[in-house]
Enquirer: 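The following block contains the structure, expressed as structure tokens.
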Amino acid sequence: MAAPKGSVLVVGGGIAGVQAALDLANSGFYVHLVESTAAIGGRMAQLDKTFPTNDCSACILSPKLVECGRHLNINLLTLSDVESVEGEPGAFRVVVRQRPRYVDTEKCLACGTCAEKCPKKVPDDFNLGLGKRKAVYLRFPQAVPLKYAIDPEYCIYINKPGRCGMCAKVCPTGAINLEDTEKKHVLDVGAVILAPGFSAFDPSVLDYTGYGRFPNVVTSMDFERLLSPSGPTEGHLQRPSDKKEPKRIAWLQCIGSRDINRACHGYCSSVCCMYAIKQAVIAREHAGKDVSADIFYMDMRTHGKEFEAYYNRASDEGIAFHRARVHTVSPAADGDLVLRYADEQGRVREEEFDMVVLSVGLELDSRALDLAGRLGVALDADNFIATDTFRPVVTNRPGVYVCGAASEPKDIPQSVMEASAAALEAQRLLHGARWQETRTKEFPPERDVHAEPPRIGVFVCHCGINIAGVVDVKDVTEYAKGLPGVVIAQDNLFTCSQDTIDQMAKTIREHGLNRVVVASCTPRTHEPLFQETLREAGINKFLFEMANIRDQDSWVHQNQPEQATKKAKDLVRMAVAKVARKQPLPYNSVPVFKSALVVGAGVAGMSAALSLADQGFPVTLVERKDRLGGHAVKFYRTWQGAEVKPFLENLSRQVLSHENINVRFGVTVSDVEGSVGRFHTTLSDGSALDHGVAILAVGAESYKPGKGTFARDASSPWGRETFFHGARPDVYTLLELDQVFIKDPSSLSGANQAVFIHCVGSRIPERPYCSRVCCTHAIDQALKLKELNPDMDVIMLYRDIRTYGQREKLYQEARAKGILFVRYDLDHLPKVGEEGGGLVVQAHDPVLDMDVRFNPDFLVLASAVRPRDDVGGLAKLFKCALSEDNFMLEAHMKLRPVDFATDGVYLAGLCHYPKPMDEAIAQAQAAAARAATVLSRDEVPAESVTAEVDTRKCTGCGVCVRICPYHAVSPDPALRVAVVDTGLCKGCGACVAGCRSDAITLKNMGNEQILAAVDAAMEE
Amino acid sequence: METKKWEPRIVAFLCNWCSYAGADLAGVSRYQYPPSLRIIRVPCSGRVSANMVLDALKSGADGVLVSGCHPGDCHYISGNMYARRRLALLKSLLEFIGIEPERFNVSWISASEGKQFAEVAREVTEKVRALGPARHLVKDF
Amino acid sequence: MESSSSKITDEIRAEASRLLSSGEVAAFLGFVPGSLPMTVRPFVARSSEDAARLVWNSFCVMNLANYLPEVLKSVEPPRGPGDPEPEGPLPRVGVLATGCWSRNMVVQIQENRIQRDRVVILGISSRGMVDRKKVLARLGGREALKVEEQDHSLLVSGRAFNEEIPRWEVVRDNCRSCVHPDPVIWDIMIGERAGDRQNANRFAQVEEIESLAPEERWAWFQEEISSCIRCYACRNACPLCYCPTCFVDDSRPQWVGKSIEPVDTAIFHILRAYHCAGRCTDCGACESACPMGIRMRLFTKKLEKDVLEMYGAEAGMDPETPLPLSTFSPDDPQDFIVTGQESPKSTGDEAGRSGEVSQS
Amino acid sequence: MAEKRQSGLSRIRSRVKATIKSRFPGANMDYCLTCGLCASGCPATGIDGMDPRKFLRLLALGQDEEIMNTDWIYVCTMCQRCKYACPMDINIGRIVYEVRGLRPRDRRPRNLQKTCDFQKTSCSTGISDKDFVWVVNDVLEEVRQNEPEWADLEAPIDRKGAEYFLNQNAKDPTVSPEEMVLVWKILHEAGVSWTYSSKWWDGANYCLFTGDSEDFEATVRAQVETVNELGCKYYLNTECGHIYYAVREGIKRFNIPHRFEVISIVSLYAQLIRDGRLLVDPSWNSDGLKFTVQDPCKLIRQGGGDSLAEDLRFVIKSVAGEENFVDVWPNKSNNYCCGGGGGALQAGFKDQRRRFGRLKFDQLNATGADVVITPCYNCHSHIMDLGEFYGGKWRVTHLWDWIVKAMVRK
């Protein structure tokens, strides 16, 4: 391959595309992000809350969108579709068609005047038609780019030129361009990442759901919008027919999933069980605990991290779970709905509900299908983009990668992981072109203003009529001139317009200003822009303050101009008082050792190490044992049917022979100092190394009944049950059976009957989580037994079958082959005994309500995956936390699934949570991609607004040390005071408020600055 | 027509990531609320100390509002959890010594709760308005 | 019959003497009699001779934990700011501790003020200390020349009078409401442990005030602090008030005016109490030290009640339990949170959302 | 029943299941997720302690004895409402059919078997071909004489080359021959070229309900050959769900060569009205007689589906007035079976059948309709019975009554 291109095309602006774009742009690549709607954000932007943390979806997503929108090295192409991709890996030529927006994004200030005046109300597609918007619209309040667009389908002018055109008339900046036309972009890129996301299944094809016929039958996506504060009902839960607050809500699961009849989707959509529980929980939060919530399901699939606990909690809170499927939704009086269902014993019940939510499944939408077709990317049998078991984000077309729900239904963290993994594949392919096509911004040297008295410039913005229509801007400007320290005050029509910005820089220089206040909109969107102006004018960017006189003044007091003007003056006075007390701050950064430490040489650790080494970063791979491979050596095959051994041998060979990988066997980590970019780690043999990042991939253990806590705990529902494991040779765990498959499969062919018991050691009070992998693993083994001897009876005693996603096809295949599934619950535990030298297993069939006895030739225990006991020590060394289940705890369950809260430390594999090999590999690659965002730089930026200790006041009491969520404060034992590591400090100030002695402060956000603002607020 | 009437002055400490954004969203959505709030942006509700609240009251604020991310949503992981304890105790103590409970308020407002922000602003303002100007801890300069 | 106090005094002397003479401790912190009846003063014994002077009685109202860090420092070898840490273990100090003092020491251990391995604690189960002010009030101006202590009464004698005062009636408020008289940490126990006291209502005083209307509470508060002369005796007596620069002395920013203007006094008391939240063990040293008879304990007691009720925590009960304000639970109570749902129906022109504005 | 079950499963072997699979390779009962959707939607759930899911479960657990003994297989009408929504598309109706076929003849419901045996030689009611021809001609003659405006009415038999072969349910010539006249009039008015046959004129196929595939096939073959010989373009099925299904299913299942298309007379009605060949005027119904409909399972769900159901509604609305039609829910392809089909009327088990029909009764009753239209003889009979038994105030009729009533003669 000739020198590759240093840019990447990312298709799809949902969370996966955004994450991939950010990881690439932050590791030295230029990104073209193509999104088909008017704003990035995708499905996640439409969700109200996210499970299992109940985080506000838009709130946690928004910062990523803003970062993407502002990124110098991300070219955002909205309203765009990829037409073609020609060429080969490293050198693709891409044609993108961009539909007209009819709004000039350079000029649009998102003031909303156009939408206010637009006469055309149209169904709001962001709200799935549940509400209305105008023909000129902002896709959603936090849209990025925060620019309006005109919907040509509805715009009066566009459909009948010459008519209306109201938006163009009222736009204060002349941003409306009704003659806008389609643009064609030809882009040269080195790699392509597909993140086209999913569509929700349309249940109108299933007449019996009543969808489309009864207004109070809604889809789960509709319901998200009905819960969302930015949705059509402003977060007040109302049912569509009569706006009544529903008090009885039912969820019907598997609508369009696990249905090979009319839905044509045999797979499980993976996320619906959890989102239904979440919606039930949130609905009760919104509309009160007297809301009854009933979920009708087949198998409750809460197989992710903290999911089972969420399910248990919901159940404890009174959400009703019915293991039953409703055939038909029927109407009752006043828009209510009747569900008739048979319970597990076959008793028919009828219940009325105010509202029915259909938990619709996920599918690849038609646009994405077309795109895959155009790009020559292969699909699998379920019409998702096909990938490989050991290369989970690689498509059949070299140089084209896929992430997110486009390759299989999956939740947000899994999508984010894959996004980073896809970024890794692109990094690996293009690392030679790193930083070749990226841009950086240069600034003049800064003037030292320490000794100067404040010389403050105040710039008051009209924002067209957005502010000036309510607030007397001239009056405010005049007022500002008289404030202490103010040298000059000006008013501008649009302070953020390019010419005004240029003028501001000039004014700063000409008047020798050393501090600036802009009174305009909100710092959340505009502070970076003005701060950059300060830098361009040679002033430290922290000598800046904004007065929010639009979003928090003129817009919210539209009918009280006098009061609003008075408030504007107050806000300006507060800002002036505050900025006068600000000091220049350093642009902190930390130099980076460009090497990585990977702990654990299982599949995850080796994959991560290789992913970084292939990019040219030296890696030290530490393994406590004397061999590579970890847990994987015990595995027979993956759920996709690929044998593990050849893959593992190949992977090990690559790791051992790689020039950039130094494998250290038989050692562990014994001490860690430093922080991101500059870790100094000591190993158990006394050797030490410096490294910029660390990836923890230390794996987990298989639970063995009869050993460990399970059998000891008499409070376990199983009591002291050991299932004769260890005592009889015919009782296996899954991994032990895999060993037989590897070594001597024919020894099993003669067996007549085999029984599997699921959930051994999982989903019990002492180990409440689901081990995620065992259902699939056990079923795959059952199928293997059927391969060995089709005549063998294979019986699976299970609680819920959790073959999520496309694993469902194994479950279906197993049933088709006559493998018998008998459900048990904690009230009807299977009993294992001995009889005439053989095993006897007794279970209870809930459908026929009868006891059944089996005499298997052997028994297989699908035993739990449990965290390693020593994981806590390692976590502590890296200042990382553990979850309640003692797995390692990532920084954020949704959006930072491979990061620790400690910067520069990442996690992958089973130490995070039980997961199959493909997911472990994806996570390892993701960790490597995240690590590369650090290793690719000479230094990493650090927070400037950091805490600072006044050692004269500090008593060393340690409150701040304990409070700091980032472990940035530590005690200095010699001086008996606290010390802040500015590389770790994020500037939250929790320590400041916690300190009784006023000994710790936050730079420029100290008591001095805040109280100046408070006092100024109260001056007349 | 605007009438000249006494308008309470309320110092509002809003965390940057949720509540300040929620206040912005109230503006973007044009939810109207009384012009009584003087918003001070802080990084996190965990930055707000008892001293700051008392200082606002001392300086003449008729009321104080502290607002942060909902529990579990904190941008800084757990700042609002510390805030919740600190402010709960302060609030209780102030009430104990006879400060009207309505003068000191804590709320959780997320970045997507523009309407809720306006509602909180209105609730707090109207409650303070009903009490009249603050007297107890106000220092005359 | 010998009173329990004098028995304890004997044991203290014996143990202190033994510890000092064996070199186990370099100093022993206890009390010696004060110059007036019903007073004692803290005393650092550095020899077994000194130890013989130590006393224990019902007037030991000062919390020895307050002096402990100083005493510990005094026995360390002198060392400048840049000097290396001395080699080997530092000398130890013996100290007396009742329930509340020992809990106070636990807090100080948690706050790195003292090191557990450097103190030898002689634990004493407290029977409650006598409030000298209460005795004086009963005497109504008559001067007590001699006060003799018995287990259940005080025999007060002066010019031309002898009075027997039932002891419990003049015990300090904090001791009367005490539930944990026994030390929680100790090395040597003097006397028997009494076990937790089943106090019917340890927060009765607080509840009485809570039941008042807001204006009445404010009036009470104003009245309570009106006599404050800002002498800071309360602060100085408190082992937990050890900031190098107290907020009252801070000038940038100035949190509290230095005047005795009521607002400044109020803020001083609010902040002083607040700084003790979750830390105060209700030893009563502040109140005992106050020359003006201000019951500032009530403010800290209120916080003690809140911390117990809301977070289930009691200061100093366990060195392993983090201080309540340096930790949290996801389920902490938050019924005080305003949601805007009680918003009065808006009136006039600021009402609702204006005009026909598209939200998006 | 349960105590008879075999709980020791050291080998799970079901001879019944194996036999079913050998006879019907598409028997996909093993796919069952035990989700219970079938049981939720089945009117027979709970009757005799059985439901579709339990039925499949008995097979899965090898409980052959119970499977072979339960009479529930005759309560189940094989209406396939279960299959309609079953996520695994399990053909439960067909499996029930196969189990019926496994019953020794002497243990089958006597009447059901008798009907099947009748049909193999003549027709389901046992009237002979000769009698049929006589009755038709006799009735025709009577109309021609008594109704001058219908003097040219025809009832052709064995007319080769007619466009439509019309089958005739044997019930009418047997008990209510005047019903036949209504159809003749409609076809005549619309100028349709049609004919009866003098043999295999019935089309009813009750062997479909005994589970005897050979008998089932024989009847269909004979009829197909008859129509082939007549050279008709269409097999026009009269208002009878059973025959519509039996002929179509038989042709498909046994892959019988045929030179015609099977259509329902309901679609023909709709087409004639749409094309203006049949003029109807609902104004006769100025009193607002309310109509509702029963979608016969065999005609709609297992037959022409929602589009045929739409035709049905179109015809009713055309003849009775749009505003006088009250629909039910669930309806069309998802309609509740009334309980009369699948041989239930012939098999006995009256109590169970009525219990089965309770849902249908409630559903119809809730509409408040005066007339229940159903283009199916089985539905017709059973819904009449339900109405009488549970106290319904409606009349149950075929469509032709009302078409003739609304018909405007050219």
Side-chain angles (χ1 to χ4, degrees), chain A residues 53-60 62-63 112 141-142 228-230 234-235 521-525 548 550-564 566-567 570-571 574 891 901 945 963 965-966 986-990 992-995 998 1002 1005 1007 1010-1011 1013-1015 1017-1018, chain B residues 2 4 7 9 11 13 16-18 20-52 55-56 58-61 69-70 72-79 82-83 86 110-116 118 121:
Chain A
T53 51
N54 290 353
D55 274 316
C56 157
S57 187
C59 308
I60 57 174
S62 192
Q142 299 95 334
S228 170
S230 66
E234 290 154 352
C521 49
T522 172
R524 290 178 50 257
T525 53
N548 188 335
R550 189 187 73 177
D551 300 43
Q552 297 178 1
D553 190 12
S554 69
W555 275 353
V556 291
H557 313 306
Q558 286 180 319
N559 302 319
Q560 294 163 289
E562 278 179 42
Q563 294 273 22
K566 181 171 175 292
K567 180 170 171 182
D570 288 355
L571 293 172
M574 289 158 69
V945 178
I963 287 176
Y966 302 99
K986 303 275 183 219
C988 72
V992 184
C995 180
D998 237 351
L1002 201 55
M1005 198 55 96
N1007 291 328
I1010 292 174
L1011 295 200
V1014 170
D1015 293 346
M1018 291 302 130
Chain B
E2 269 180 82
K4 278 271 173 198
E7 189 65 40
R9 291 182 307 172
V11 171
F13 297 105
N16 182 48
W17 304 95
C18 292
Y20 193 90
D24 281 348
L25 185 58
V28 171
S29 317
R30 309 296 196 276
Y31 290 115
Q32 304 294 296
Y33 56 85
S36 50
L37 261 52
R38 295 297 174 267
I39 292 171
I40 295 177
R41 187 164 67 122
V42 291
C44 174
S45 54
R47 170 68 190 86
V48 180
S49 64
N51 305 26
M52 282 158 60
D55 192 77
K58 188 181 73 172
S59 304
C69 306
H70 285 275
D73 284 4
C74 181
H75 181 81
Y76 300 107
I77 303 170
S78 52
Y82 295 112
R86 290 172 189 152
S110 82
S112 58
E113 293 177 325
K115 185 163 188 228
Q116 286 81 343

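All values reported here derive from a predicted model rather than from experimental measurement. In what follows, every chain begins at residue 1, and chains take the letters A, B, ... in the order their sequences are listed.
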Enquirer: Is it the backbone or the side chain of B:F13 that comes under 4.5 Å from a heavy atom of chain A, or both, or neither?
Expert: side chain
Enquirer: Applying salt bridge (Lys or Arg N to Asp or Glu O under 4.0 Å), can you list everything that pairs with A:D551, at least two apart in sequence or on another chain?
Expert: none
Enquirer: Under a 4.5 Å cutoff for heavy-atom pairs, which residue among B:A26, B:S78, B:G60, B:A21 has the most contacts with chain A?
Expert: B:A21
Enquirer: Taking A:C521, A:P965, A:S57, A:P523 one by one, which has the highest count of heavy-atom pairs under 4.5 Å against chain B?
Expert: A:P523
Enquirer: Looking at residues at least two apart in the chain, or sitting in another chain, which of them share a side-chain hydrogen bond (donor to acceptor under 3.5 Å, both in side chains) with B:D73?
Expert: none
Enquirer: Are B:V28 and A:W555 close enough that some pair of their side-chain heavy atoms sits under 4.5 Å apart?
Expert: yes
Enquirer: What is the minimum heavy-atom distance between A:V556 and B:G27, and which atoms define it?
Expert: CG1-CA, 3.6 Å
Enquirer: Does a donor on one side chain sit under 3.5 Å from an acceptor on the other, for A:Q552 and B:D24?
Expert: yes
Enquirer: Would you say the side chain of B:D55 lies within less than 4.5 Å of the side chain of A:D1015, judging by non-hydrogen atoms?
Expert: yes
Enquirer: Kindly compute the distance separating CG (B:L37) from NE2 (A:H557), expressed to the nearest 0.5 Å.
Expert: 7.5 Å
Enquirer: So do the side chains of B:P35 and A:K566 get within less than 4.5 Å of each other, counting heavy atoms only?
Expert: no
Enquirer: Is B:P43 close to A:V945 at the side-chain level, that is, under 4.5 Å between some pair of heavy atoms?
Expert: no
Enquirer: With chain A, which of B:C18, B:G79, B:G114, B:A23 has the greatest number of heavy-atom pairs at distances under 4.5 Å?
Expert: B:A23
Enquirer: Give me the atom names and distance for the closest heavy-atom approach of A:A1017 to B:R9.
Expert: O-NH1, 4.1 Å
Enquirer: Are A:Y966 and B:Y76 packed together at the side-chain level, in the sense that at least one heavy-atom pair is separated by less than 4.5 angstrom?
Expert: yes
Enquirer: As an exercise: rank B:C74, B:A61, B:A83 by heavy-atom pairs under 4.5 Å with chain A and give me the winner.
Expert: B:A61
Enquirer: For A:N54, is it the side chain, the backbone, both or neither that has a heavy atom under 4.5 Å from a heavy atom of chain B?
Expert: backbone
Enquirer: Name the member of A:G989, A:G987, A:C988 that forms the most heavy-atom pairs with chain B at distances under 4.5 Å.
Expert: A:C988
Enquirer: Between the side chain of A:Q560 and the main-chain N/O of B:P34, is any donor-acceptor distance below 3.5 Å?
Expert: no
Enquirer: Could you tell me which of A:L571, A:D553, A:N548 has the largest number of non-hydrogen atom pairs under 4.5 Å with chain B?
Expert: A:N548
Enquirer: Are any of the side-chain heavy atoms of A:Q563 and B:S36 separated by less than 4.5 Å?
Expert: no
Enquirer: Would you confirm whether B:R47, through its side chain, and A:L1002, through its main-chain N or O, come within 3.5 Å as a donor-acceptor pair?
Expert: no
Enquirer: Heavy-atom cut-off 4.5 Å, strictly under: side chain, backbone, both or neither for A:M574 against chain B?
Expert: side chain
Enquirer: Among A:I60, A:T522, A:T53, which residue has the highest count of heavy-atom pairs closer than 4.5 Å to chain B?
Expert: A:T522
Enquirer: Are B:S29 and A:E234 close enough, and set up right, to give a side chain to side chain contact (heavy atoms under 4.5 Å, CB included), and what steps lead you there?
Expert: CA-CA 11 Å; B:S29 317; A:E234 290 154 352; over 6 Å; no
Enquirer: With a 4.5 angstrom heavy-atom cut-off, is it the side chain or the backbone of B:R38 that approaches chain A, or both, or neither?
Expert: both
Enquirer: Pick whichever of B:E7, B:E113, B:R86, B:M52 has the most heavy-atom pairs under 4.5 Å with chain A.
Expert: B:R86
Enquirer: Is B:H75 close to chain A through its backbone or its side chain, or both, or neither, when contacts mean heavy atoms under 4.5 Å?
Expert: backbone
Enquirer: Say you draw a straight line from NZ of A:K567 to CD1 of B:I39; how long is it, rounded to the nearest 0.5 Å?
Expert: 5.5 Å
Enquirer: Under a 4.5 Å cutoff for heavy-atom pairs, which residue among B:N16, B:V11, B:I40, B:V42 has the most contacts with chain A?
Expert: B:I40
